[in-house]
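First the structure, in the form of structure tokens, and then the observations on it.
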There are 2 protein chains.
Amino acid sequence: MPKDRAPTRIQKKNRAAILEAALNVFSAHGFRGATVDQIAAEAGLSKPNLLYYFASKEAIHTELLSGLLETWLAPLHDLDETGDPMEEMLAYIRRKLQMSQELPRESRLFANELVQGAPRIHDALSNDLKQLVDEKVTILTNWMDQGKIARLHPYHLMFSIWALTQHYADFDVQVRAILGDENPFEGAEPFVDTLYRKLLTP
Amino acid sequence: MPKDRAPTRIQKKNRAAILEAALNVFSAHGFRGATVDQIAAEAGLSKPNLLYYFASKEAIHTELLSGLLETWLAPLHDLDETGDPMEEMLAYIRRKLQMSQELPRESRLFANELVQGAPRIHDALSNDLKQLVDEKVTILTNWMDQGKIARLHPYHLMFSIWALTQHYADFDVQVRAILGDENPFEGAEPFVDTLYRKLLTP
DNA sequence: TCTTGATTTGACCAACTGGTCAAACTCACG
DNA sequence: CGTGAGTTTGACCAGTTGGTCAAATCAAGA
């Protein structure tokens with residue numbers, strides 16, 4: 001394994017290639033379904049070489065998840081108490097939908113983990129995620145108190161946004177099997193926009 | 001393997017026990033993550049004995065999926081053109097939510113399969129499911145034409161119902177990590193009810 | 001150029017996995 | 001009871017998988 005000095009040019013390149021390959025493989029087959037050989041092949045490395053950069057399959061997975069969690073939660077971080085409530089909410093929802101479109105692998109990586117009980121990120125859920133959600137939920141509650149948006153169960157409102165937007169990435173095959181040639185996101189954007197406009201209008 | 005005569009008492013019992021065990025294991029770990037040994041142990045059988053009743057791991061999985069697909073789609077089948085549009089829709093949604101609560105394993109079984117690209121049920125999606133959805137979508141479109149419910153993209157309306165209701169089964173860990181002790185379904189039912197009432201009101 | 005640490009690899013291993021098979025056991029029924 | 005079909009199992013196998021290791025190769029600075 002490389003020493004803990006500053007990473008060399010080669011280290012940077014190979015670690016990045018491995019994480020990129022791992023994202024492909026883990027998101028498509030889940031943790032158990034992915035093989036180290038497969039990831040190595042996709043990264044253009046031999047298996048022992050890959051294991052020179054990461055201690056184990058589990059280590060790759062962990063680094064991927066924790067590295068992407070921030071990206072994944074960024075849109076919610078951006079929800080701004082001082083902005084216009086309805087516009088803030090719609091912007092958040094649009095950003096989430098856009099992420100489903102542009103980062104479907106990341107969405108499925110988390111989906112795979114969650115459906116199987118999140119054995120590897122349970123802590124992040126009940127700590128980091130819960131804290132962030134709680135924080136933003138107080139903003140929502142304030143907006144509701146002020147009559148700026150309709151009064152709803154704020155947690156379930158959050159769940160509905162996640163469910164609706166990530167559905168297009170996680171269950172992409174199903175969506176496409178039913179829509180045929182139609183581009184899912186073309187119809188999805190105006191649909192969710194209308195939905196939340198109606199729902200949130202007091 | 002048992003001959004194709006009428007199944008004996010023991011055959012009935014064991015095949016049922018295997019399918020029940022397989023539902024537990026496949027829904028919790030996905031196809032690749034599940035092992036035949038695990039299923040056998042959970043069914044109270046030895047591995048060779050289990051393989052006396054089913055030809056292979058794949059055969060168990062296939063029989064499970066095809067056997068449960070009907071159950072899974074039943075609520076949509078029940079959507080009745082001649083009923084009151086708003087009540088029919090709300091009844092469908094409630095039934096779907098109830099299934100998330102009462103049959104979470106079934107939901108996760110399909111979720112696992114779908115997130116990973118549905119390699120084993122792709123045909124059922126683009127045939128059986130698509131046909132059923134198309135049929136029901138024409139009903140929705142009629143209702144919209146008659147001004148009975150709001151005009152929306154009917155396919156995305158379907159997707160939203162699936163996403164919202166199944167979210168509670170598929171991502172149960174996440175929901176519970178955030179809600180803490182609160183029973184998810186207690187808040188979910190009035191929430192989705194309100195949501196679709198608002199959304200579908202013309 | 002030479003040296004030293006970084007990188008790469010072929011060969012290997014133990015554990016696990018899906019599946020087989022012949023032999024043993026059990027059950028229902030005449 | 002006896003008997004033949006139905007049921008169960010221990011032992012086994014070949015392929016896969018995550019991971020190791022010593023030896024070989026490469027790269028960059030003195």
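If you're wondering where the values come from, they're calculated on a predicted model, not measured in any experiment. Chain naming here is simple, since letters A, B, ... match the order of the sequence lines and numbering starts at 1 in each.
- Taking atom OH on A:Tyr52 and atom C1' on C:dT7, their separation rounds to 5 Å, with Å as the unit.
- The salt bridge (Lys or Arg N to Asp or Glu O under 4.0 Å) pairs that include a residue from residues 158-171 of chain B number zero, where partners must be two or more places apart or lie in different chains.
- A salt bridge links A:Arg105 to A:Glu20: one of the charged nitrogens lies within less than 4.0 Å of a carboxylate oxygen.
- Residue B:Thr8 places at least one side-chain N or O closer than 4.0 Å to OP1 or OP2 of D:dT7.
- The distance between atom CD1 of B:Ile39 and atom C1' of C:dC16, rounded to the nearest whole Å, is 15 Å.
- Under 4.0 angstrom from either OP1 or OP2 of D:dG6 there lies no side-chain N or O belonging to B:Asn14.
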Contact state string [nucleotides 17-30 of chain C, B base, S sugar-phosphate only, - no protein heavy atom under 4.0 Å] = SBBBB-----SS--

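- Nucleotide D:dT17 holds its P atom 8 Å from the CD atom of A:Gln38, rounded to whole Å.
- Distance A:Gln11 CD to C:dT7 C1': 9 Å, rounded to the nearest Å.
- Screening residues 156-169 of chain B for salt bridge (Lys or Arg N to Asp or Glu O under 4.0 Å), with sequence neighbours left out, gives no hits.
- Contacts classified as side chain to side chain donor-acceptor pair (under 3.5 Å) and involving residues 39-50 of chain B (residues at least two apart or in different chains) are given here: B:Asn24-B:Glu42.
- Atom C1' of nucleotide D:dG6 and atom CG of B:Leu45 are separated by 14 Å, given to the nearest angstrom.
- Each salt bridge (Lys or Arg N to Asp or Glu O under 4.0 Å) pair with one or both residues in residues 175-188 of chain B, not counting sequence neighbours, appears once here: B:Asp172-B:Arg176.
- Atom pair A:Lys12:NZ and C:dA6:P shows a separation of 16 Å (rounding to whole Å applied).
- If you take CD1 of B:Ile18 and C1' of D:dT7, they are 12 Å apart, rounded to a whole angstrom.
- For A:Lys130, the salt bridge (charged side-chain N to carboxylate O under 4.0 Å, His left out) test picks out A:Asp134, with sequence neighbours left out.
- Side-chain nitrogen and oxygen atoms of A:Asn49 include none within less than 4.0 Å of the OP1 or OP2 phosphate oxygen of C:dG10.
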